[in-house]
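If you're wondering where the values come from, they're calculated on a predicted model, not measured in any experiment. Each chain gets a letter, A, B and so on, in the order the sequences are listed, and its residues count up from 1.
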2 protein chains.
Amino acid sequence: MKRYQQYCGLAKALDVVGGRWTLLIVRDLLLGPRRYGEIRGSLPGLTTNLLAARLKEMEEAEILHKITLHGMQLYALTARGRELEPAILALGGWGWKRMHGGPEEDDRLDLRWGILSMKRRYSGIESGHVCLVAGERRFDLRFSPDLLDFQERQSIDASAQIQGTLEQVRAWLFMGATFEPLEVQGDLSAVARFRSGFGLP
Amino acid sequence: MKRYQQYCGLAKALDVVGGRWTLLIVRDLLLGPRRYGEIRGSLPGLTTNLLAARLKEMEEAEILHKITLHGMQLYALTARGRELEPAILALGGWGWKRMHGGPEEDDRLDLRWGILSMKRRYSGIESGHVCLVAGERRFDLRFSPDLLDFQERQSIDASAQIQGTLEQVRAWLFMGATFEPLEVQGDLSAVARFRSGFGLP
DNA sequence: CAGGATCCGCCGCGATACTG
DNA sequence: CAGTATCGCGGCGGATCCTG
């Protein structure tokens with residue numbers, strides 16, 4: 001890839017993550033390590049040759065690294081890769097403002113993208129650990145003043161569970177629908193802290 | 001340009017500002033409106049055909065607009081364009097961490113890029129209005145808790161002036177050199193507020 | 001079947017020349 | 001000074017093939 005050759009932070013960043021799909025791959029990995037095929041599956045339009053090339057580039061740039069877990073090969077962000085989160089949230093926040101009319105035709109939806117946008121809305125004064133169940137998909141959400149960690153995986157030791165159909169959770173995350181149709185189990189005060197931490201009514 | 005077709009803020013943002021050179025043009029305009037030739041001059045490697053195409057795209061996306069001032073045509077950011085600043089600073093901050101060894105061979109330097117990185121370091125508890133003179137170039141720096149505005153232009157009504165050679169200011173901005181070699185005139189307390197607002201020793 | 005590699009075609013982009 | 005026109009290359013999209 002052609003470099004900008006400028007002694008400037010933005011230019012150096014774009015030298016590494018300015019290529020097509022690169023930041024979207026980082027966004028995907030922000031919700032936990034994933035397999036090659038999972039990344040491909042959640043990024044339709046990204047072809048296998050380019051994904052392989054990008055993963056190699058990003059590994060050389062020390063943004064991610066390959067790990068082996070339970071016999072599976074997984075791609076996981078390094079500390080340096082996770083440090084891209086503020087930039088990704090800032091860019092994402094700017095982009096959300098351009099999405100007034102709802103999804104365009106042929107726009108794809110993924111709950112992971114809505115989950116990520118919650119990180120931006122997090123005010124950070126409460127803490128807790130809840131599980132969000134949307135249809136078959138499960139997200140583990142830990143929030144505290146100094147740490148915010150969302151992952152797509154089965155929760156262990158979550159103090160509460162928020163459950164709804166795929167459509168209900170999707171409407172809440174993307175469309176600003178009310179929280180109320182969702183079913184809540186477990187520690188209700190944890191759910192209340194969750195709602196207050198995210199500015200929910 | 002090919003769109004990602006994802007109902008996600010990051011993807012929508014990259015649809016608009018993900019193309020090569022686009023964010024660097026925004027970065028340049030963050031220090032004030034500029035003429036076509038000025039943008040070209042400060043972005044070596046960007047060819048004139050691509051610059052014209054990018055400016056047209058960005059005008060359609062309402063990131064910038066053409067204005068006429070003193071008979072000159074200028075390109076200026078819109079409010080929406082200026083809202084990209086947090087994302088640019090976040091990406092820039094990430095990139096600065098990859099610049100440990102000083103400039104690489106063939107890296108170009110521009111004071112404007114260092115000025116911009118100061119926005120990131122600004123803590124925002126003081127206010128003032130100073131003029132920075134580096135050789136022939138003059139920057140107008142206004143800082144207050146709720147507003148931070150740096151522009152490359154002649155200052156009017158600045159309460160103090162900080163002056164040095166191009167090399168001295170460059171060393172201070174880029175290399176973390178000490179502030180001391182620079183010559184200061186005018187209201188010394190404004191300079192002190194300036195230094196404290198930027199965490200200078 | 002997961003995890004790639006290989007080949008082809010197009011268009012975004014770089015370099016240069018040209019115009020009002 | 002502010003762009004437009006033309007050409008060529010390489011990054012990227014699409015499809016197929018390979019390998020454990």
Side-chain angles (χ1 to χ4, degrees), chain A residues 1-6 11 13-26 28-29 32-61 64-76 106-108, chain B residues 1-6 11 13-26 28-29 32-61 63-76 106-108 152:
Chain A
M1 172 134 182
K2 186 96 174 176
R3 319 252 143 188
Y4 287 110
Q5 296 190 163
Q6 295 183 357
L14 293 176
D15 279 343
V16 179
V17 299
R20 195 159 165 79
W21 295 105
T22 305
L23 280 180
L24 295 185
I25 296 171
V26 176
D28 201 57
L29 293 179
R34 302 201 96 196
R35 306 173 60 166
Y36 184 92
E38 290 177 319
I39 302 175
R40 253 206 100 192
S42 59
L43 293 176
L46 170 57
T47 53
T48 176
N49 55 353
L50 190 53
L51 176 56
R54 285 284 179 267
L55 290 174
K56 190 173 296 181
E57 291 169 20
M58 295 163 76
E59 197 169 354
E60 288 169 3
L64 53 79
H65 59 141
K66 226 184 278 195
I67 60 177
T68 303
L69 199 66
H70 309 130
M72 294 186 303
Q73 286 189 79
L74 294 173
Y75 291 91
D106 298 330
D107 266 5
R108 296 171 182 271
Chain B
M1 171 135 181
K2 187 96 175 176
R3 319 253 142 183
Y4 287 111
Q5 295 189 162
Q6 296 184 358
L14 293 176
D15 280 343
V16 179
V17 299
R20 193 158 166 81
W21 295 103
T22 306
L23 280 181
L24 295 185
I25 296 171
V26 176
D28 202 57
L29 293 179
R34 303 202 95 195
R35 305 173 59 167
Y36 185 92
E38 290 178 319
I39 302 173
R40 249 207 106 194
S42 59
L43 293 177
L46 170 56
T47 55
T48 177
N49 56 355
L50 189 54
L51 175 56
R54 285 284 179 265
L55 290 174
K56 191 173 297 182
E57 292 170 19
M58 295 162 78
E59 198 169 354
E60 288 169 3
I63 293 174
L64 53 79
H65 58 142
K66 227 185 276 195
I67 61 177
T68 303
L69 200 65
H70 309 130
M72 293 186 305
Q73 286 189 78
L74 294 173
Y75 290 92
D106 298 330
D107 266 6
R108 296 171 182 270
E152 179 167 12

If only side-chain N and O atoms of [X] are considered, is one of them under 4.0 Å from the OP1 or OP2 phosphate oxygen of [N]?
{"X": "A/Y75", "N": "C/dG4", "answer": "yes"}
{"X": "B/K2", "N": "C/dC13", "answer": "no"}
{"X": "B/W21", "N": "C/dG12", "answer": "no"}

Inset, instruction - Determine whether A/L43 and A/L51 make a side-chain contact, defined as any pair of heavy atoms from C-beta on separated by less than 4.5 Å. - result: no

Legend entry - Strand contacts (DNA chain C) in residues 32-43 of chain B, 4.0 angstrom heavy-atom criterion: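 Output list: empty, so none.
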
Legend entry - Interface with DNA chain C, restricted to residues 48-57 of chain B and to heavy atoms under 4.0 Å: B/T48, B/N49, B/L50, B/R54

Just the rounded figure in Å: distance from [atom2] of [N] to [atom1] of [X].
{"X": "B/K66", "N": "D/dC1", "atom1": "NZ", "atom2": "C1'", "value": "13 Å"}
{"X": "A/L74", "N": "C/dG3", "atom1": "CG", "atom2": "C1'", "value": "13 Å"}
{"X": "A/I25", "N": "D/dC12", "atom1": "CD1", "atom2": "C1'", "value": "13 Å"}
{"X": "B/Y4", "N": "D/dC12", "atom1": "OH", "atom2": "P", "value": "9 Å"}
{"X": "A/E59", "N": "C/dG3", "atom1": "CD", "atom2": "C1'", "value": "14 Å"}
{"X": "B/M72", "N": "D/dG3", "atom1": "CE", "atom2": "P", "value": "13 Å"}
{"X": "A/L24", "N": "D/dC12", "atom1": "CG", "atom2": "C1'", "value": "14 Å"}

Hey, is the main chain of [Y] close enough, under 3.5 Å, to the side chain of [X] for a donor-acceptor pair?
{"X": "A/S42", "Y": "A/E38", "result": "yes"}
{"X": "B/R3", "Y": "B/A11", "result": "no"}
{"X": "B/Y36", "Y": "B/Y75", "result": "no"}

Find the distance between [atom1] ([X]) and [atom2] ([Y]) and round it off to the nearest 0.5 Å.
{"X": "B/D28", "Y": "B/R40", "atom1": "CG", "atom2": "CZ", "value": "13.5 Å"}
{"X": "B/L14", "Y": "B/Q6", "atom1": "CG", "atom2": "CD", "value": "9.5 Å"}
{"X": "A/K56", "Y": "A/K66", "atom1": "NZ", "atom2": "NZ", "value": "8.5 Å"}

Inset, instruction - Provide the closest heavy-atom pair for B/E59 versus B/H65 in the form atom of the first, atom of the second, distance. - result: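 Shortest heavy-atom separation between B/E59 and B/H65 comes out as CG-CA, 4.4 Å.
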
Inset, instruction - Answer yes or no for B/R108 and A/Y4: cation-pi contact, defined as NZ/CZ to six-membered ring centre under 6.0 Å and angle to ring axis within 45°. - result: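 No.
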
